[in-house]
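Before any comments, here is the structure.
All ligand and atom numbering here is 1-based and tracks the order in the structure.
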Amino acid sequence: MKNILVTGGLGFIGSHTVVELHHRGYNPIIVDNLSNSQEEVLNRLKKITGTQFTFLNIDLVDFDKTRQIFSDQIIDGVIHFAAYKAVGESVEKPLDYYENNLGSLINLLKLSQEFRVSNFIFSSSCTVYGQPDRLPVDESFPKLPAESPYGKTKQVCEEIIEDYCKSNPDFKAISLRYFNPTGAHESALIGELPLGIPNNLVPFITQTAAGIREKLNVFGGDYNTPDGTCIRDYIHVVDLANAHIAALEHAEKMDTNYDMFNVGTGKGNSVLEVIQSFEKVTGISLNYEIVDRRPGDIEKIYADTKKVNSILGWKAERDLDNMMKTAWEWQKSLSIKE
Ligand code: UD1
């Protein structure tokens with residue numbers, strides 16, 4: 001059984017990936033410093049899989065402690081999720097973002113070199129494209145100047161990995177550029193757990209429907225889109241989790257040693273379409289209002305998925321209704337606990 005180090009393995013995408021890795025016969029080793037996650041997720045993972053995973057509460061910026069992981073465990077591959085990811089916060093605290101997101105990556109690459117771990121999957125983002133001049137966006141599009149330090153860390157991390165790959169032909173790395181991950185595991189035992197007021201659309205919708213927030217502000221109704229609201233490519237987190245396994249399998253056999261893939265559905269939906277889907281599957285009428293645009297938002301983006309479909313053999317299977325349904329089941333399970 002192959003051991004896969006999953007950094008940020010108790011977070012939203014990390015925890016769903018741990019479940020799918022387990023189902024596919026891998027042994028995930030979870031590293032997480034609980035900066036934006038809870039240890040309770042480990043118990044939930046056990047409920048879903050019947051397995052107690054190894055969990056290490058370690059900050060990857062600490063080189064010596066991270067080195068200890070590599071010397072204690074046999075590691076066959078790394079999936080690196082752990083990172084700060086709040087766009088607005090990154091503008092307030094750029095140094096924290098650079099230190100954490102770049103520092104942890106550099107430590108992991110150094111240790112992969114020292115311990116001869118050769119398969120590496122990196123969590124990147126469609127934010128690297130900025131607002132592309134035509135759609136859908138494919139992997140050959142240029143990276144436009146980032147709007148935030150967060151976005152810049154994703155661009156720079158991709159470049160660090162690419163440079164490292166050039167210097168070490170035995171190292172195989174893949175960056176996955178996620179579009180907008182949402183939804184939750186069908187068991188409703190794991191999902192997105194935003195601390196404080198959510199920045200992202202779907203947690204804000206579900207919290208509004210649950211009565212935790214009074215009203216959803218829809219940021220901008222005057223964009224150049226059919227209904228005036230922004231368009232994104234929403235992707236179910238379980239589909240996204242499975243893309244990591246396809247990437248791991250591909251990394252082992254690919255001819256080049258670095259590649260990157262879009263991970264989306266290829267379909268764009270507006271904010272109002274997301275709300276309509278939520279209302280349809282839950283029967284709840286959502287309290288929302290169209291307000292001013294949010295600074296820094298791009299108008300529309302969705303993925304060209306040809307490369308990921310053909311080379312990784314991966315395709316999104318779950319639709320927007322399924323994302324809304326599972327996100328709502330997850331939100332309800334939280335309310336019951338409270
Ligand atoms: C942003 C980042 C993305 C990052 C992701 C993770 C950019 C361009 N994108 O995605 O890189 O990976 O966050 O956190 O920086 N909306 C509302 N009301 C709300 C919240 C959101 O109308 O209360 C709208 C937004 O204006 C946007 C859409 O919903 O049109 C999606 O927003 P959000 O979920 O925040 O994701 P992005 O901004 O696309």
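The distance from ligand 1 to the heavy atoms of K85 drops below 4.0 Å at these ligand atoms: 14 (O). Close approach to D297 involves these atoms of ligand 1, each under 4.0 Å from a residue heavy atom: 25 (C), 26 (O), 38 (O). For ligand 1, the atoms sitting less than 4.0 Å from at least one non-hydrogen atom of C230 are 30 (O), numbered in the order shown with element in parentheses.
Considering each of F204, F219, Y129, F179, the one bringing a non-hydrogen atom nearest atom 19 (C) of ligand 1 is F219. The option from V87, I231, N217, N199 that lies nearest to atom 1 (C) of ligand 1, judged by heavy atoms, is V87.
Using bins of under 30°, 30° to 60° and over 60° for the plane-to-plane angle, the ring pair F53/H22 lands in the perpendicular bin. Relative ring orientation between Y150 and Y97 is described as perpendicular, the plane-to-plane angle rising above 60° on a 0-90° scale split at 30° and 60°.
The nearest heavy-atom contact from the protein to atom 10 (O) of ligand 1 is N180 ND2, 3.9 Å. The protein non-hydrogen atom at the shortest distance from atom 39 (O) of ligand 1 is R232 NE, 2.5 Å. In terms of protein heavy atoms, atom 8 (C) of ligand 1 is closest to T127 OG1, 3.9 Å. When only non-hydrogen protein atoms are considered, atom 34 (O) of ligand 1 lies nearest to L201 N, 2.8 Å.
Ligand 1 has at least one atom lying under 4.0 Å from a heavy atom of S125. Within the 4.0 Å heavy-atom shell around ligand 1 one finds Y150.
Here the side chain of N101 pairs no donor or acceptor atom with the backbone of T153 at under 3.5 angstrom. Remark: the backbone N or O of T225 is not paired with any side-chain donor or acceptor of E299 at under 3.5 angstrom. The main-chain N or O of R232 is never found under 3.5 Å from a side-chain atom of N180 such that the two would form a donor-acceptor pair.
Using modelled atom types, one finds no donor on one side chain facing an acceptor on the other under 3.5 Å when comparing D76 with N3.
Residues F12 and H185 keep their aromatic ring centres 6.0 Å or farther apart.
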